[in-house]
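Below: the structure, in structure tokens.
Index from 1, following the sequence.
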Amino acid sequence: MTNAPVNNGLFAPFRLGPLDLRNRLVMAPLTRNRAGADGVPQPIMATYYAQRASAGLIIAEATTPNAVGQTYPNIPAIHRPAHVTGWRQVTDAVHAAGGRMFMQLQHGGRIGHPDNSGLMPVAPSPIALPDTIHTPTGRRPSVVPREMTADDIRSTIADFAQAARNAVAAGFAGVEVHAANGLLLHQFMAQNTNQRTDAYGGSVANRVRFVAETARAVAEAIGPERVGLRISPANTVNGIDEGNTHLIYPALLDAVGDIGLAYLHVELADPDDALYRRLRDDWSGVLMANPDLMRRSPKLPADGGMSAGERLLASGADLISLGRAFIANPDLVERLRAGAPLNPLREQYSMYVGGETGYTDYPVLGAAEHRDHPVLAVTGGR
């Protein structure tokens, strides 16, 4: 299938805090398991990200801020000098290709295993993930995590802040705090994974406290204009039951609204959803929307999600993040701008397999097939 050539807001330059983005298409954070066993980014990762540098912004895959936060094997980390050095090779390659890059900071919480990290996972409450988990020797039963103490909470917040400093030292323009997809910060917000009776559990205000304090500490460490926050309202992945999302997420936005964050990143965004519309109305800053493509069909749309992104822009989103389309198409921006067909996604190579296949070997358009279109500048915020 060949798409019609287009020139619209997706391809317009955008100002995100101090950053001038070439377009409003963002490469979403995508776990690919190509780091070393010690969490050090490998040279192949520099090639992968540099290939996709035409995105207005790349958000690097979920990266753990401390050892106990590791989720799966071969996940990158950012808590040791070797991690900073490895990531610097990646950011240097992306910058050389003209790209901009944030890092996503992710703590797995109960989504972890001693076979992956060497440590017992920690979580808001000692409630195990209701599923097996991938380890170097295959899928294993999940373990009951250790309930975090008040000292654990304070030290984890400090680890996020230091990880953000390390990311900046590694050449990233900023970081995204991951409070979605059933990971640690999401676990604190959810009623079924947070059974605490202290200041971090019980009421909605208490359950969003850890997320707000983490975002605030990271912003204080590197500047709020360098910090984004990702959420996924009503997402039940990894056994999450949040409760009343129409109470939780407005409360979260109230708790972080005065920080001055660079953006709010809403995953599985749908302009027809009442909560999404409320979040757009309540959030005065830049809103990045990730279209809800998977719930409609597990197959990647022929346009990679472009039409869904256009609907979100029309509904008030400022930036559009796409995931699977960027995996299969290093030159996704050029293909969408030219109306060229997209490469099919080879799902079997997405995670856990390592190597170049399905990672750095997707073909790009020939130079003669690229088309240039004039664009208009757009500035961020509302």
- Give the minimum heavy-atom separation between Ala123 and Leu184, together with the two atoms involved. CA-CD1, 4.1 Å
- For Arg110 and Val122, indicate whether the former's side chain and the latter's backbone hold a donor-acceptor pair under 3.5 Å. no
- Task: State whether a side-chain donor-acceptor pair under 3.5 Å links Glu334 with Ser54.
- Result: yes
- Task: Not counting sequence neighbours, list each pair that qualifies as a salt bridge (Lys or Arg N to Asp or Glu O under 4.0 Å) and has a residue in residues 184-208.
- Result: Arg196-Asp198
- Note on the structure: In short, side-chain hydrogen bond (donor to acceptor under 3.5 Å, both in side chains) pairs touching residues 111-129 with sequence neighbours left out are Asp115-Arg140
- Query: Does Thr149 offer a backbone N or O that forms a donor-acceptor pair with the side chain of Asp152 under 3.5 Å?
  - Reply: yes
- Common cluster, Ile75/Val40, ILVMFWY with side-chain heavy-atom separation under 4.5 Å: no
- Message: Return the CG to CG distance between Leu287 and Leu279, rounded to the nearest 0.5 Å.
- Response: 8.0 Å
- Task: Please answer: with hydrophobic residues joined when any side-chain heavy atoms are less than 4.5 Å apart, are Leu313 and Val333 in the same cluster?
- Result: yes
- Message: For Arg216, give me all partners under side chain to side chain donor-acceptor pair (under 3.5 Å), at least two apart in sequence or on another chain.
- Response: Asp258
- Message: Using a 3.5 Å distance criterion without hydrogens, assess whether the side chain of Arg230 forms a donor-acceptor pair with backbone atoms of Ala180.
- Response: no
- Could you pull out all residues at least two apart from Arg88 that satisfy side-chain contact (heavy atoms from CB on, under 4.5 Å)? Thr91, Asp92
- Message: Return the CG to CE distance between Asn194 and Met148, rounded to the nearest 0.5 Å.
- Response: 11.0 Å
- Going by atom types alone, do Asn181 and Asn235 pair a side-chain donor with an acceptor below 3.5 Å? yes
- Answer yes or no: is there a donor N or O on one side and an acceptor on the other, between the side chain of Glu176 and the main chain of Ile59, under 3.5 Å? no
- The single option from Asn343, Leu25, Leu342 passing side-chain contact (heavy atoms from CB on, under 4.5 Å) against Leu332: Leu342
- Query: Are any side-chain N or O atoms of Arg139 and backbone N or O atoms of Thr132, one a donor and one an acceptor, separated by less than 3.5 Å?
  - Reply: yes
- Message: For Val175, is there any backbone N or O sitting under 3.5 Å from a side-chain donor or acceptor partner on Arg226?
- Response: no
- Supply the members, apart from Val353, of the Ile/Leu/Val/Met/Phe/Trp/Tyr cluster built from side-chain contacts under 4.5 Å; use none for a lone residue. Tyr349
- Message: With salt bridge (Lys or Arg N to Asp or Glu O under 4.0 Å) as the rule and sequence neighbours excluded, what pairs involving residues 348-363 come up?
- Response: Arg346-Asp361
- Could you verify whether a donor N or O on one side chain and an acceptor N or O on the other, from Asp159 and Asn66, lie under 3.5 Å apart? yes
- Co-members of Val237 in a cluster of I, L, V, M, F, W and Y side chains, linked at under 4.5 Å: none
- Task: Give me the one residue out of Tyr352, Tyr48, Tyr49 that meets ring-ring contact (aromatic ring centres under 6.0 Å, His included) with Tyr359.
- Result: Tyr48
- Message: Once side chain to side chain donor-acceptor pair (under 3.5 Å) is applied, do any residues pair with Ser307, and if so which ones, sequence neighbours excluded?
- Response: Asp303
- Go through the structure and list residues passing salt bridge (Lys or Arg N to Asp or Glu O under 4.0 Å) with Asp151, not counting sequence neighbours. Arg154
- Item | Connected via hydrophobic side-chain network under 4.5 Å: Leu119 and Ile127 | no
- Query: Are Val143 and Ile111 grouped together when hydrophobic residues (ILVMFWY) are joined by side-chain heavy atoms under 4.5 angstrom apart?
  - Reply: no
- What distance separates Glu220 CD from Glu213 CD, expressed to the nearest 0.5 Å? 10.5 Å
- Task: Write down the atom of Val94, the atom of Ala50, and the distance for their closest heavy-atom approach.
- Result: CG2-N, 3.9 Å
- Item | Inter-residue atom distance Thr156.OG1 - Phe188.CZ, 0.5 Å rounding | 7.5 Å
- Item | Phe11 six-ring face occupied by Arg24 cation (under 6.0 Å, within 45°) | no
- Message: Please check this pair: side chain of Gln187 against backbone of Gly182, looking for a donor-acceptor N/O pair closer than 3.5 Å.
- Response: yes
- Query: Counting distance only, does the side-chain N/O of Thr85 pair as donor-acceptor with the main-chain N or O of Ala82 below 3.5 Å?
  - Reply: no
- Are Tyr263 and Phe102 close enough that their ring centers fall under 6.0 Å? yes
- Task: Is it possible for you to say whether Ile240 and Val204 belong to one hydrophobic cluster, with membership spreading through side-chain heavy-atom contacts below 4.5 Å?
- Result: no
- Query: So which heavy atom on Gln195 is nearest to which on Gln191, and how close?
  - Reply: NE2-O, 2.7 Å
- Message: Using modelled atom types and a 3.5 Å cut-off, is there a donor and acceptor pairing between side-chain atoms of Arg32 and backbone atoms of Ser350?
- Response: yes
- Item | Residues that Pro126 engages under side-chain contact (heavy atoms from CB on, under 4.5 Å), provided they are two or more places apart | Val144, Glu147
Quiz: residues 166-174 side-chain donor-acceptor pairs under 3.5 angstrom, not counting sequence neighbours:
residue: Asn166; atom: OD1; partner: Gln162; partner atom: NE2; Å: 2.9
residue: Asn166; atom: ND2; partner: Ile78; partner atom: O; Å: 2.9

- Message: Looking only at the side chains, is there a donor atom on one of Tyr362 and Gln51 sitting less than 3.5 Å from an acceptor on the other?
- Response: no
- Query: If you measure from the Lys or Arg side-chain nitrogens to the Asp or Glu carboxylate oxygens, is any gap between Arg277 and Asp272 under 4.0 Å?
  - Reply: no
- Shortest non-hydrogen pair, Leu261 vs Ala219, comes out as CD2-CB, 4.4 Å
- Note: Ala308 and Leu293 closest approach over all heavy atoms is CB-CD2, 3.8 Å
- Query: Would you say the side-chain atoms of Asn329 pair up with the backbone N or O of Asp331, donor to acceptor, closer than 3.5 Å?
  - Reply: no
- For His178 and Leu183, which heavy atoms make the closest approach, and how far apart are they? NE2-CD2, 3.9 Å
- For Ser155, which residues count as a side chain to side chain donor-acceptor pair (under 3.5 Å) partner, sequence neighbours excluded? none
